[in-house]
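Only one structure is covered here, and it is reproduced in the block below.
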Amino acid sequence: MDFSKLIDIISKTNISSDKIQELILMASKMDLSNEDNQRILIREGAKVAKKEMTPELEDKMIDLIREKGISNELFKYVRN
């Protein structure tokens with residue numbers, strides 16, 4: 001996973017660094033191999049980014065995680 005892309009995306013937004021740190025802390029305490037936890041993290045990330053998360057988009061992201069793990073392809077959903 002290319003963290004520089006994630007940092008670049010975050011730096012171009014008005015997302016609070018405190019909120020990002022809270023999200024990272026939450027993720028670090030979760031079993032991210034569990035789909036329910038992945039969905040929770042996706043929803044919370046969408047709230048922090050002030051992005052609409054439809055059930056269809058969430059399902060696409062979960063399918064992509066299941067297929068490829070955390071990959072650069074997920075970033076296209078963050079930018080939209």
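In this structure, CD1 on Ile40 lies 11.0 Å from CD on Glu35, to the nearest 0.5 angstrom. Atoms CE and CD, from Met53 and Glu58 in turn, are 6.5 Å apart once rounded to the nearest 0.5 Å. How far CE of Met61 is from CD of Gln38: 10.5 Å, rounded to the nearest 0.5 Å. Atoms CE and CD, from Met26 and Gln21 in turn, are 14.0 Å apart once rounded to the nearest 0.5 Å.
Remark: Glu56 does not engage Lys60 in a salt bridge, criterion side-chain N to carboxylate O under 4.0 Å. A salt bridge is defined here as a Lys NZ or Arg NE, NH1 or NH2 lying under 4.0 Å from an Asp or Glu carboxylate O, and Asp59 with Arg39 meets this definition.
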Discussion item. Under the criterion side chain to side chain contact (heavy atoms under 4.5 Å, CB included), I'd like the reasoning laid out for Lys29 against Leu25: C-alpha separation, chi angles, the key distance, then a yes or no.
Written reply: CA-CA 7 Å; Lys29 295 178 180 181; Leu25 181 61; 3.7 Å; yes

Worksheet item: Can you list the steps and then say if Leu23 with Leu41 is a side chain to side chain contact (heavy atoms under 4.5 Å, CB included)?
Response: CA-CA 8 Å; Leu23 193 59; Leu41 195 58; 3.7 Å; yes

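Contacts of Lys47 classified as salt bridge (Lys or Arg N to Asp or Glu O under 4.0 Å), with partners at least two apart in sequence or in another chain: Glu44. By the salt bridge (Lys or Arg N to Asp or Glu O under 4.0 Å) test, Asp36 is found to be paired with no residue, residues two or more places apart in sequence or in another chain being considered.
Remark: side-chain polar atoms of Asn37 are not paired, donor with acceptor, to backbone N or O of Leu32 under 3.5 angstrom.
Here the side chains of Ile65 and Ile42 are in contact, with some heavy-atom distance below 4.5 Å.
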